[in-house]
Student: 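I am attaching a structure below and will ask some questions about it afterwards.
Throughout, a chain's letter reflects where its sequence line sits, starting with A, and its residues are numbered from 1.
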Amino acid sequence: MSQLTRRRFIQIGGAAAAGAAAVSGLATKWWGLDANRVDDPGTDGDKVVASFCELCFWNCGVLAHVKDGKVTKLVGSPDHPLSRGMLCPRGAGATGMIYDPDRLKKPLVRTSKRGDDVFEEVSWDAALDKVAEGLLKVRERHGPEAVALFTHGFGGSWFKHFMKVWGSPNVGAPSYAQCRGPREAGYQLTYGAGLGSPEPIDIENARVITLIGSHLGENMHNTQVQELADAVGKGAQLVVVDPRYSVAAGKARHWLPIKPGTDIALLLAWMNVMFEEGLYDAAYLARWATGVEELKAHVASKTPEWAWPITGIRPELIRESARLVASARPASLVHPGRHTTWYGDDTQRARAMAILAAMLGSWGHRGGYLATGKFPLAGYPVPKAPEQPARPKADRPKAGGYPVADEVIASGLCDATTPGHALYDLKAWIVYGTNLIQAMPDTKKTIAAIQNLDLMVAIDILPMEICGWADVVLPECTYLERDDDLAAPPYKRPFVALRQAAVEPMYDSKPGWWIAKELGNRVGLGAWFPWKDAREYLDTRLAASKIDAAEIRKKGVVLGPRIATCVEEGAAPPISLPGGKIALFSEELKGLGFDPLPSYYPQEEGPPGMMRLLTGRAPTETFGRTTNNRLLAQPYPENEVWVNAEVARSLPVPVKNGDWVLLVNQDGARAGPVRAKVTERIRGDCVYLVHGWGHTAKGLRYARGRGASDSDLVTRYKVDPIMGGTGMNVNFVRIEPAENAA
Amino acid sequence: MKTRYGMAVDTVRCVGCNACVIACKTENALPDGGFRDWIVTETGGTFPSLWMQIRSERCNHCTHPGCVDACPTGASHVNEGGVVAVTHAKCTGCKACIAACPYDARYVHPAGFVDKCTFCLHRVRKALEPACVDVCPTRTLTFGNLADPESRVSRLKASRRFKVLQPGRGYEPNVFFLEA
């Protein structure tokens, strides 16, 4: 009925006029006589399939409604602890991904030079044979470790398994050194363990929540945003430190519009106030921490008056906010943030946040950081991995390395592809689900590295920029069309979740498990892919793990027993450093020649007339992966550059809200045209872009050319010497009018 | 008891994520560019003394709906529970209702009729929440019967400070925006 056309409407009207109505006494189909009605749009599925989402890496439980073989809508799984029946817009917008007309449809082999983006469609056999042949050649000449895997997303597990049995340790993800890595290192150094994902934090029970540059609410981690709203609804107070008046800042008791790059100074000043005024948890530190006296002495001179000219935050506001933060301890949560690669000193900033959390006694307490548990799972029985000599990771540059990194540095793999930079050269890349062109800083360098490869394979669902640089492109089906491995991340309530296909793969796309197995067969590793298919693999693991397969297939999730997550529930704070003590003062860092306590060092200022480029997220987007999703694009069609209103008025060519502008960075790199959002909601010394727009790939027919790519402007980065993270907030731009753009 | 459906939108909780918008579009199979609900972000003040309110907005299902009065064919009507709706088959797409609605709550469907929020009456009849309420990760939206003083929406209205949009027009909106 909803598709009734005007012509059809007139025909019906005519038929009704011919007298069909009076006889039955039912609808007359004529104005005024017909009963008024609200029709059911008919989007309920004739079957509903439980699975977990892959629009981002949070992996919420979903229920996919399927009608006549098509997915009509997604709703949140009420049983899954990460969704609790609710979804973010991306999760609800998955139909825009599966039915994206621009999807990769057939395997592709490059027919022109790399980067020309000229391919021919081939059969799966031809494509996989070519990949296998290339991999075997690389192994013969350079050894198995010359193959690197870049992976992001849950389906990457099949390819990680491939790399393990193939014999290469070079598996990296931009989600470490380009994202949450410094945070992992900072908390690892302080408490002995990183935070992982989902973060073990108790937002819902916190009474004060402090965000340091984190823009939760725009950064749409479903469960965390649910808990944030619940906390705020119960009266929790927010303290938001951000150069931009974020959504969270709009709900905050205190917004601290800090000068970019000075967070460590503010954190030290907060510690100073808490020591000076006796607001910290002295008993907790005495019981659980080492280095209290060193810390106290270290921050003794870091007064709010000292921090004022550095941060731009008035001393009274620093004191007032410090008192509020301390007032709720231990239920005072300093949120650890997620995307933390900003200035190259990010591990030290994360350390300062971790230390502050300890001063509040929040590590291990309700409303702070929790202990988590993992649902125990049995593996699928496979033969022992083939005997290999121990192979070093190639990401360590020849001159040294990053001593605290506990994951492979994706940018390091990129460096190692340029001859002579690392212990050995990488010769083949398999890139799964990550668009390295946008995800890595300094795109030119990434492209130059690719030119040194003997083989480059991209596995993706959309023709992202990275596919244009590949020799072979393998079209994976979306998460709604495939089974994947079981998900059982550490969480405050252990659980195991199942991903299962809601519909058959469209076009000639294939699931990751199938691609990995076929590749394994072709390179002589078939014995390590013994499962018939993912279904049999899952059934075997479920049976061995004593999980009711029928139940998990119906609900998509099985919960483990409740565990004690905090001191209030009988659990000790989860500290895994030697001696069981929190390292306020880090002997480990001291031994490595780094500051054992975090110190503030000034960042370099930008050239005159230029503003620091800051980036972030929009709730409808996951990096550049969702920007071609035409459903999600309806409420948020492209990014805008945020410019302070006063600055916009005083530019050489004044800019009005909605004007098209170009962004030019300190090295002459350009991005745009992009619309200006002229606003009071940002400081004048910086501009802000949501990451992931400004695509150039010709196959992305919606996203191509929309908005500006921050990646194009990140021509410089500052490497964190402790863990190798690439600080990217060190670029500056000026704004030029773009009169001719439209 | 007579039923009067209404909604409370808690602006303290809302982060403006657009989940309500996407869920509405898929639940109701809306065409590209057609919206039955949307996000408004209102900001005031000058840096750094600012305020902001984010609202998930939709048809206010007014007690005295001007759009219904304006409709020449009877397509725009008041359905059960006071839900303001459009019978697609009776609508000629003349847009008189669009001109009459001060909230811009209606759009023209490419198939030629005017479309708008129904409070997901097709779901409500099955004792389900409207799709926007169901999806909302911040539990910003509370739907229910305003005629029942014990309903959650009535209790929120009774206990919280709230506003309605353009109260001076006399339409008596039934969507309430809760404030701090």
Student: How many angstroms lie between OG1 in A:T311 and CD1 in A:I258, if you round to the nearest 0.5 Å?
Tutor: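 A:T311 atom OG1 to A:I258 atom CD1 measures 5.5 Å (nearest 0.5 Å).
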
Student: Under 4.5 Å from any heavy atom of chain B, what part of A:R90 do you find: side chain, backbone, both or neither?
Tutor: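 Answer is neither: A:R90 stays 4.5 Å or more from chain B.
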
Student: Side chain, backbone, both or neither: which part of B:T140 has a heavy atom under 4.5 Å from chain A?
Tutor: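 Neither the backbone nor the side chain of B:T140 comes within 4.5 Å of chain A.
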
Student: Tell me whether the NZ or CZ atom of A:R244 lies within the 45° cone about the ring axis of A:Y688 and under 6.0 Å from its centre.
Tutor: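 Yes, a cation-pi geometry.
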
Student: As an exercise: rank B:P137, B:A19, B:A23 by heavy-atom pairs under 4.5 Å with chain A and give me the winner.
Tutor: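 Heavy-atom pairs under 4.5 Å are most numerous for B:P137.
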
Student: Is it the side chain or the backbone of A:L216 that comes within 4.5 Å of chain B heavy atoms, both, or neither?
Tutor: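 Neither; nothing under 4.5 Å.
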
Student: Identify which part of A:D44 has an atom lying under 4.5 Å from any heavy atom of chain B, answering side chain, backbone, both or neither.
Tutor: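 It is the side chain, since no backbone atom gets that close.
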
Student: Please state whether the side chain, the backbone, both or neither of B:A75 comes within less than 4.5 Å of a heavy atom of chain A.
Tutor: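 Only the backbone of B:A75 comes within 4.5 Å of chain A.
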
Student: So what's closer than 4.5 Å to chain A heavy atoms on B:P31: side chain, backbone, both or neither?
Tutor: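 When you check distances to chain A, only backbone atoms of B:P31 fall under 4.5 Å.
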
Student: Got a sec: does the CH2 of A:W308 have more than 12 other heavy atoms crowding it under 6.0 Å?
Tutor: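 Open.
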
Student: Given a strict heavy-atom distance threshold of 4.5 Å, which part of B:V83 is in contact with chain A: side chain, backbone, both, or neither?
Tutor: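 B:V83 has no heavy atom closer than 4.5 Å to chain A.
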
Student: Atom CG in B:N174, atom OG1 in B:T63: separation rounded to 0.5 Å?
Tutor: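 Nearest 0.5 Å value for the CG-OG1 distance: 4.0 Å.
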
Student: Of the listed residues (A:E227, A:E218, A:R683, A:R630), which shares the most heavy-atom pairs with chain B below a 4.5 Å separation?
Tutor: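 Winner by heavy-atom pair count: A:R683.
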
Student: Tell me which of these, B:G33, B:C20, B:A85, has more heavy-atom pairs under 4.5 Å with chain A than the rest.
Tutor: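 Among B:G33, B:C20, B:A85, the one with the most close pairs to chain A is B:G33.
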
Student: Verify whether the ring centers belonging to B:F47 and A:W255 lie closer than 6.0 Å.
Tutor: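 Yes - the distance between ring centres of B:F47 and A:W255 falls below the 6.0 Å cut-off.
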
Student: For B:C136, is it the side chain, the backbone, both, or neither that has a heavy atom closer than 4.5 Å to a heavy atom of chain A?
Tutor: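 Backbone of B:C136 only, per the 4.5 Å heavy-atom cut-off to chain A.
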
Student: Measure across A:C56 and A:T622 and return the closest heavy-atom pair with its distance rounded to 0.1 Å.
Tutor: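 Closest pair (atom of A:C56, atom of A:T622, distance): CB-OG1, 3.4 Å.
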
Student: Atom CG in A:L228, atom CD1 in A:I203: separation rounded to 0.5 Å?
Tutor: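 A:L228 atom CG to A:I203 atom CD1 measures 6.0 Å (nearest 0.5 Å).
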
Student: Side chains of A:N222 and A:S83: is there a donor and an acceptor less than 3.5 Å apart?
Tutor: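 Their side chains do not contain a donor-acceptor pair, so the 3.5 Å distance test is not met.
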
Student: Less than 4.5 Å to any heavy atom of chain A: does that hold for the side chain of B:T46, its backbone, both, or neither?
Tutor: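 Both parts, backbone and side chain.
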
Student: Can a side-chain donor-acceptor contact be found between B:E27 and A:H65 if the only test is distance below 3.5 angstrom?
Tutor: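 Judged by distance alone, the side chains do not pair up.
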
Student: Against chain A, label B:D32 side chain, backbone, both or neither, depending on which of its atoms sit under 4.5 Å from a heavy atom there.
Tutor: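 Its backbone and side chain both get close to chain A.
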
Student: Does atom NZ of A:K677 have more than 12 heavy-atom neighbours from other groups under 6.0 Å away?
Tutor: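 Yes - once you tally the heavy atoms of other residues, nucleotides and ligands closer than 6.0 Å, there are more than 12.
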
Student: Counting heavy-atom pairs closer than 4.5 Å to chain A, which one of B:P48, B:G44, B:C120 comes out on top?
Tutor: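 Among B:P48, B:G44, B:C120, the one with the most close pairs to chain A is B:P48.
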
Student: Ring-plane angle category for B:F113 and B:H88, please: parallel below 30°, perpendicular beyond 60°, tilted otherwise.
Tutor: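 Aromatic pair B:F113/B:H88 classed parallel.
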
Student: Side chain, backbone, both or neither: which part of A:R84 has an atom under 4.5 Å from a heavy atom of chain B?
Tutor: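 Side chain only.
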
Student: Using a strict threshold of under 4.0 Å (side-chain N to carboxylate O), is an ion pair present between A:D230 and B:R13?
Tutor: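 Here B:R13 pairs with A:D230 in a salt bridge, since their nearest N and O are under 4.0 Å apart.
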
Student: Pick whichever of A:T620, A:L632, A:V232, A:L631 has the most heavy-atom pairs under 4.5 Å with chain B.
Tutor: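 Ranked by heavy-atom pairs under 4.5 Å with chain B, first place is A:L631.
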
Student: Could you tell me which of B:V21, B:L121, B:T11, B:N79 has the largest number of non-hydrogen atom pairs under 4.5 Å with chain A?
Tutor: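 If we count pairs closer than 4.5 Å to chain A, B:N79 comes out on top.
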
Student: For A:T72, is it the side chain, the backbone, both, or neither that has a heavy atom closer than 4.5 Å to a heavy atom of chain B?
Tutor: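 Contact with chain B involves the backbone of A:T72 alone.
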
Student: With chain A as the partner, which of B:V12, B:L50, B:N18 has the greatest number of non-hydrogen pairs under 4.5 Å?
Tutor: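 Winner by heavy-atom pair count: B:L50.
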
